[in-house]
Amino acid sequence: MRLATWNINSLRLRMPLLQRLVEEEAPDIVCLQETKVHDDLFPLDAVKALGFEHVVFSGIKGYNGVAILSKLPLTNAGGHQWVGRTDGRHVFATLPNGTEVHSLYIPAGGDEPDPLINEKFDHKLKFVTELKDWFPANRDPSRPIVLVGDLNIAPYEADVWSHKQLLKIVSHTPVETEGLIAALDAFGWVDTIRNRIPEPEKVYTWWSYRGRDWRASDRGRRLDHIWATPSIASAIGSPKILKDARDWPQPSDHVPVLVTIDG
DNA sequence: ATGGTCGGTTGCCGA
């Protein structure tokens with residue numbers, strides 16, 4: 001079974017790129033973030049035409065939006081709304097093998113890393129705190145669960161192009177990285193990407209649109225994650241980070257990350 | 001120290 005996660009930055013605009021991903025990598029499950037489409041306008045027919053008969057999505061007008069596209073039947077589909085908002089950041093469903101898959105989109109948090117003057121950063125920190133408590137309160141960590149998505153935090157030094165230069169940049173500040181690792185530890189999640197590619201090897205999944213030559217400067221960050229509970233983590237192989245997708249026509253600023261899951 | 005580029009609810013906001 002092949003699973004992909006991708007912040008696609010507008011599903012409707014980049015439907016041809018989704019088709020290319022499906023043709024070249026043959027994922028059975030695609031978890032998307034930033035679909036940027038209201039549920040009423042979700043391109044369900046086009047998604048089904050790519051072979052994904054089983055789809056769960058949660059979207060609002062203009063921004064955010066998450067989805068799970070599957071060639072395998074999905075059961076117990078649902079979602080959760082975070083920090084008291086209804087803003088399309090989380091859906092989940094269960095695969096035929098009993099594994100529950102979650103597609104999550106944590107807020108970016110704005111530019112100023114001070115929750116007292118930046119409401120977006122305050123929202124992000126509250127989100128991460130809720131994340132730490134939600135899975136222990138609502139799920140059994142002995143079950144097979146996979147949590148993927150754009151978590152908008154690069155937790156480790158090798159997850160950014162310059163640890164020192166990004167310490168005060170939102171996505172890599174200590175309050176965020178420590179908060180995300182606390183959420184990871186609270187449920188006993190395995191960070192399956194870092195498990196397979198240990199530090200100090202650099203791993204990035206996002207490169208800014210800003211700047212002339214993203215590949216030459218290579219100022220990336222690992223914002224997209226694949227977490228798993230221990231009972232399924234050992235069945236997850238090395239991630240394939242589709243760096244070349246950053247050069248596809250009209251690309252997303254995030255690239256797809258793929259893993260195989262045995263069973 | 002600054003500005004740089006995207007997409008969508010466009011002449012701005014969120015990222």
Side-chain angles (χ1 to χ4, degrees), chain A residues 5-21 31-43 46 57-67 81-90 103-115 117-128 148-155 159-162 164-173 176-177 180 204-225 242-257:
Chain A
T5 182
W6 191 16
N7 178 321
I8 195 171
N9 189 16
S10 175
L11 173 58
R12 287 174 294 177
L13 185 70
R14 280 184 246 287
M15 189 64 72
L17 300 193
L18 177 62
Q19 179 173 357
R20 181 165 173 178
L21 174 70
C31 296
L32 297 174
Q33 303 86 37
E34 282 207 270
T35 54
K36 292 189 173 180
V37 59
H38 190 281
D39 287 347
D40 293 346
L41 296 172
F42 190 90
F57 47 87
S58 174
I60 61 174
K61 189 162 66 170
Y63 57 102
N64 299 346
V66 290
Q81 302 291 353
W82 297 81
V83 198
R85 305 186 185 200
T86 305
D87 58 357
R89 293 182 178 274
H90 184 195
S103 180
L104 186 70
Y105 178 51
I106 292 182
D111 289 329
E112 178 56 57
D114 181 347
I117 61 177
N118 174 10
E119 190 279 332
K120 290 178 196 153
F121 195 67
D122 182 63
H123 178 217
K124 183 178 196 176
L125 297 183
K126 287 187 166 83
F127 197 111
V128 172
V148 307
D150 177 7
L151 306 188
N152 265 315
I153 297 172
D159 295 337
V160 292
W161 64 276
S162 168
K164 190 175 178 182
Q165 285 179 256
L166 288 178
L167 275 170
K168 292 181 178 174
I169 302 298
V170 170
S171 74
H172 194 63
T173 67
E176 294 171 84
T177 59
L180 192 71
Y204 311 140
T205 64
W206 172 91
W207 292 262
S208 173
Y209 283 126
R210 302 169 188 178
R212 204 175 69 262
D213 188 337
W214 70 273
R215 194 184 285 275
S217 57
D218 200 26
R219 293 184 170 188
R221 305 178 200 170
R222 185 173 73 105
L223 302 180
D224 302 275
H225 295 261
L242 221 56
K243 189 173 177 180
D244 286 347
R246 187 61 181 76
D247 271 335
W248 287 355
Q250 252 194 322
S252 170
D253 46 357
H254 296 251
V255 299
V257 183

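- With C1' as the reference atom, B:dC6 and B:dG11 are 16 Å apart, rounded to whole Å.
- Rounded to an integer number of Å, the gap from CD of A:Q250 to P of B:dC6 is 9 Å.
- With both ends at atom P, the span from B:dG14 to B:dT9 equals 14 Å, rounded to whole Å.
- Within a 6.0 Å radius of NZ in A:K243, other residues, nucleotides and ligands contribute more than 12 heavy atoms.
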Q) Is there a side chain to side chain contact (heavy atoms under 4.5 Å, CB included) between A:D244 and A:R215 once you walk through the steps? A) CA-CA 10 Å; A:D244 286 347; A:R215 194 184 285 275; 3.5 Å; yes
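- For the C1' atoms, the distance linking B:dC12 with B:dA1 amounts to 25 Å, nearest Å.
- For A:E34 and B:dA15, the CD to C1' distance is 6 Å, given to the nearest whole Å.
- Contact check, A:S10 against B:dG8: a side-chain N or O comes under 4.0 Å of OP1 or OP2.
- The distance between atom CG of A:L17 and atom P of B:dG7, rounded to the nearest whole Å, is 10 Å.
- Across the C1' atoms, B:dA15 and B:dT10 are found 15 Å apart, a figure rounded to whole Å.
- The two residues A:T173 and A:P113 make their nearest non-hydrogen contact at CG2-CB, 3.8 Å.
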Can you tabulate the close N/O pairs, meaning under 3.5 Å, that link protein atoms to atoms of nucleotides 10-14 of chain B?
residue : atom : partner : partner atom : Å
B:dG14  : OP2  : A:K120  : NZ           : 3.2

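- Rounded to whole Å, the distance from CD1 on A:I8 to C1' on B:dA15 is 16 Å.
- Protein atom CG of A:D87 is 18 Å distant from nucleotide atom P of B:dG8, rounded to whole Å.
- Neither side chain, A:D224 nor A:W6, offers a donor N or O lying under 3.5 Å from an acceptor on the other.
- Each of A:Y209 and A:G62 was assigned the nucleotide of DNA chain B with the nearest heavy atom; the assignment lying further toward the 5' end belongs to A:Y209.
- A:H90 and A:W82 get closest at one heavy-atom pair: ND1-NE1, 3.2 Å.
- Using modelled atom types, one finds a donor on one side chain and an acceptor on the other under 3.5 Å when comparing A:Q33 with A:S103.
- Residue order along DNA chain B, read from the 5' end via each residue's closest nucleotide, puts A:R14 first among A:G110 and A:R14.
- The interatomic distance linking A:E112 (CD) with B:dA15 (P) rounds to 16 Å, in whole Å.
- When the P atom of B:dG3 is taken as reference, atom CG of A:D111 falls 12 Å away, rounded to whole Å.
- Smallest separation of non-hydrogen atoms from A:D218 and A:W161: O-CB, 3.7 Å.
- Atom NE2 in A:H254 sits about 13 Å away from atom P in B:dG7, given to the nearest Å.
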